Number of protein chains: 2
Amino acid sequence: MSSAAKTLDLLSHFSDLRPEIGLSQLCRLAGRDKATTYRHVQALEEAGFVEQNPVTKRYRLGPALLQLAQIRERTVPRKAGVEAPLHMLAEATGETAHVAVLSGTTLYALHQLESVKHSTRVLIDVNTFPLHATASGLCALAFGPNELVDLATKTMTRFTPETITTPDALKGEIAITRQRGFAQSSGGYEHDVHSMSAPIFDQTDLFAGTVSVACVATRVTPELTRIIYEHLVLASRGITHNWGGSVPDIIEAAWAGSLTGTEALEPMT
Amino acid sequence: MSSAAKTLDLLSHFSDLRPEIGLSQLCRLAGRDKATTYRHVQALEEAGFVEQNPVTKRYRLGPALLQLAQIRERTVPRKAGVEAPLHMLAEATGETAHVAVLSGTTLYALHQLESVKHSTRVLIDVNTFPLHATASGLCALAFGPNELVDLATKTMTRFTPETITTPDALKGEIAITRQRGFAQSSGGYEHDVHSMSAPIFDQTDLFAGTVSVACVATRVTPELTRIIYEHLVLASRGITHNWGGSVPDIIEAAWAGSLTGTEALEPMT
DNA sequence: CTGTATCGGTTCATATATTGAACCATTGGT
DNA sequence: ACCAATGGTTCAATATATGAACCGATACAG
């Protein structure tokens, strides 16, 4: 692992739940020496990626990130055009909806929205989604570049007793996902969470990301599943359109097969 | 310069004008070896800070930045509460308005807005503002932490014939700025640009950033200067309020002294 | 269809920059 | 007055970064 990679890795320990981190705590989180961590965090501070709270001496993310994010969003608009469909999805299902984007071989969380309908809901608190253990990941494996499958079968970490950990089981699940047009994962990453996911496409008409609903598992019924499927279709079509792409016919056909007898069949006009 | 710093430095070459950069071009921009640059860019890609455009093979900023920027903004809200006052400022003055934030000893560009009133306008295309050569920088020196002055007097790069390059001249300018409540710089960084700047304060009631107007120099008149001053006061009060701070009495007094006989004197009620 | 000049990416011996145990100075709690 | 944290620093040992040279692919001109 290069020194640069270690330095960048420090940033991944910041989150909404832990927005400020002291030097010692950061050492523990990163599992590295204090002197090393200090130099790394200094490099980050120098570049404006973190700044030190003058009163607590703890570190927090810095202003340089805002500029870079702005450039990124202007270069590849992704957040724009996600909000509205996601809002509708969360409202219609009463569950947590989220979108992930594929970059290289990694699936990054882009945006999430929690419905206020129930007092219990799923909180998404990850930066990247494991390919073999989440609905989003399965979706990427089923509809994304083929190389992902080879990669995923190599590192199948077990998160829960339900996690798929054999390549054969994974390939079976991918086949089902392709046929159904939706990915589904029940407690494979976190217990009591049932997720369903549909692919999103961009201006190259290639797989670009996923839109998903993460349910509290005890609430899942055939009826809710049907509602989620229908609205996943709408959200995927909407976001795909906003990203300048179009949903491949083969996907629309798969959705149609999974949703016979509902209005969600008709393509958007 | 640490390897990590060199790696992070690569990111600074991306901008709205140059959102995608190939490996060779990045080498030239960074002035470093190709193998080195390649490894650095790989570390960045690994962390999701850049991604490779699959068709052009060129690199662009990655999705991880969006998450981090979101966390930063939730931790320290800065962009929120800048837009509205900046819009009013740009409209009222007909010139380019921008806000910078101080992090450590560096002044970072946060947001800018160009008025559409004139066909010529100033474009802000920097990430960080030099302390000795811009109105924003002078403002930071006059109203920010004292250590900045020592630092600024050590590295007074000449950008134009008008750039202040002697410590004594700088200290004089700082004194005038403190007394006036506004910083002013005419062509010190870019020729034909005349800038005026007022300080912003945050919840600690310490200097947190600047709000500025960058004018096309040929348009500057005493009348326009007065208008800009008045609206800088309003913008500074507004943003300071949105950042949870309050404008120190000493600053309000300085403004009052510079603007006798106008309505901008009255504090916001 | 051959010669040339790019491009992105890779190799390996060299040597330079990174590392971490031990150390300080401060702070806050008991 | 003590102890256990904290953030920050030092320096010898060595792991890690470096860049000249190289490769294969692509694009273009003659």
Side-chain angles (χ1 to χ4, degrees), chain A residues 1-14 18-62 75 103-106 145 147 150-151 204 206, chain B residues 1-14 18-62 75 103-106 145 147 150-151 204 206:
Chain A
M1 198 182 205
S2 73
S3 156
K6 285 180 220 160
T7 303
L8 293 170
D9 182 58
L10 292 179
L11 293 173
S12 68
H13 295 101
F14 292 89
R18 205 197 294 114
E20 273 198 354
I21 310 180
L23 179 59
S24 299
Q25 195 183 357
L26 197 52
C27 295
R28 285 190 295 269
L29 288 168
R32 277 195 288 276
D33 184 81
K34 193 165 52 160
T36 304
T37 307
Y38 180 64
R39 277 186 305 267
H40 288 171
V41 88
Q42 281 227 320
L44 289 171
E45 189 173 22
E46 194 81 20
F49 282 66
V50 303
E51 67 182 9
Q52 202 169 21
N53 184 326
V55 303
T56 64
K57 296 277 180 189
R58 308 206 299 173
Y59 297 92
R60 63 188 178 204
L61 296 175
T75 312
S103 177
T105 57
T106 311
E147 70 219 68
D150 305 334
L151 202 144
T204 65
L206 294 173
Chain B
M1 197 182 204
S2 73
S3 157
K6 285 181 222 161
T7 303
L8 292 170
D9 182 57
L10 291 178
L11 293 174
S12 69
H13 296 101
F14 293 88
R18 205 197 295 116
E20 272 198 354
I21 310 180
L23 179 59
S24 298
Q25 194 182 357
L26 197 52
C27 295
R28 286 190 293 269
L29 288 167
R32 276 195 288 277
D33 184 82
K34 192 165 55 160
T36 303
T37 307
Y38 180 64
R39 277 187 303 268
H40 288 172
V41 88
Q42 282 226 320
L44 289 171
E45 189 172 22
E46 193 82 20
F49 282 66
V50 303
E51 66 182 9
Q52 202 168 20
N53 184 327
V55 304
T56 64
K57 296 276 179 191
R58 307 208 298 174
Y59 296 92
R60 62 187 180 207
L61 295 175
T75 313
S103 177
T105 58
T106 310
E147 69 218 70
D150 306 333
L151 203 143
T204 65
L206 293 174

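These numbers were taken from a predicted model, which means no experiment stands behind them. Heavy atoms only: backbone and side chains are in, while hydrogens, waters and symmetry mates are out. Numbered from 1 within each chain, the chains take letters A, B, ... in sequence-line order.
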TODO: Figure out the CE/P separation between Met1(B) and dT18(C), and round it to whole Å.
DONE: 11 Å

- [ ] Grab the CG-C1' distance between Asp33(B) and dT16(C) for me, whole Å please.
- [x] 15 Å

TODO: Grab the OH-C1' distance between Tyr38(A) and dT18(C) for me, whole Å please.
DONE: 16 Å

Task: Integer-rounded Å distance: dA5(D) C1' and Arg58(A) CZ - done: 14 Å

Task: Side-chain donor or acceptor of Arg32(A) paired with backbone N/O of Lys6(A) under 3.5 Å - done: yes

TODO: Using modelled atom types only, decide if a donor and an acceptor are shared between the side chain of Arg18(B) and the backbone of His13(B) within a distance under 3.5 Å.
DONE: yes

TODO: Look at the side chain of Gln52(A) and decide which nucleotide, out of dG8(D), dA17(D), dG19(D), has an atom nearest to it.
DONE: dG8(D)

Task: Asn53(B) CG - dG8(C) C1' separation (whole Å) - done: 14 Å

Open item on the list: From the set dT18(C), dG20(C), dG19(D), return the single nucleotide nearest to any side-chain atom of Ser3(A).
Closed with: dT18(C)

Task: Over 12 non-hydrogen atoms of neighbours within 6.0 angstrom of CD in Gln42(A) - done: yes

- [ ] Measure from the side chain of Ser2(B), starting at C-beta and using heavy atoms only, and say which of dC7(C), dT18(C), dG19(D) lies closest.
- [x] dT18(C)

- [ ] Identify, between Gln25(B) and Arg39(B), the residue whose nearest nucleotide on DNA chain C lies closer to the 5' end.
- [x] Gln25(B)

Open item on the list: Looking at Lys6(A), I'd like to know whether one of its side-chain N or O atoms comes within less than 4.0 Å of OP1 or OP2 on dT18(C).
Closed with: no

- [ ] By nearest nucleotide on DNA chain C, pick out whichever of Ala4(B) and Arg28(B) is the more 5' one.
- [x] Arg28(B)

Open item on the list: Using a 4.0 Å heavy-atom cut-off, does Arg32(B) contact any base of the nucleic acid, only the sugar-phosphate backbone, or nothing at all?
Closed with: nothing

TODO: Could you pull out the closest heavy-atom pair between Ala30(B) and Leu10(B), with the gap in Å?
DONE: CB-CD2, 3.7 Å

- [ ] Figure out the NZ/C1' separation between Lys57(A) and dG28(C), and round it to whole Å.
- [x] 16 Å

- [ ] Identify whether any heavy atom of Gln42(B) sits under 4.0 Å from a base atom; if not, whether one sits that close to sugar-phosphate; answer base, sugar-phosphate or nothing.
- [x] nothing

- [ ] State whether the side chain of Gln52(B) and the backbone N or O of Lys57(B) hold a donor-acceptor pair below 3.5 Å, judged by distance alone.
- [x] yes

TODO: Take atom CG of Leu23(B) and atom P of dT26(D), then tell me their distance rounded to the nearest Å.
DONE: 17 Å

Open item on the list: Could you tell me how far apart His40(A) (NE2) and dA17(C) (P) are, to the nearest whole angstrom?
Closed with: 15 Å

Open item on the list: Taking atom types as they are modelled, would you say the side chain of Lys34(B) forms a donor-acceptor pair with the base of dG9(C) within the 3.5 Å cutoff?
Closed with: yes

Task: Phosphate OP1/OP2 of dG19(D) contacted by Thr36(B) side-chain N/O (<4.0 Å) - done: yes

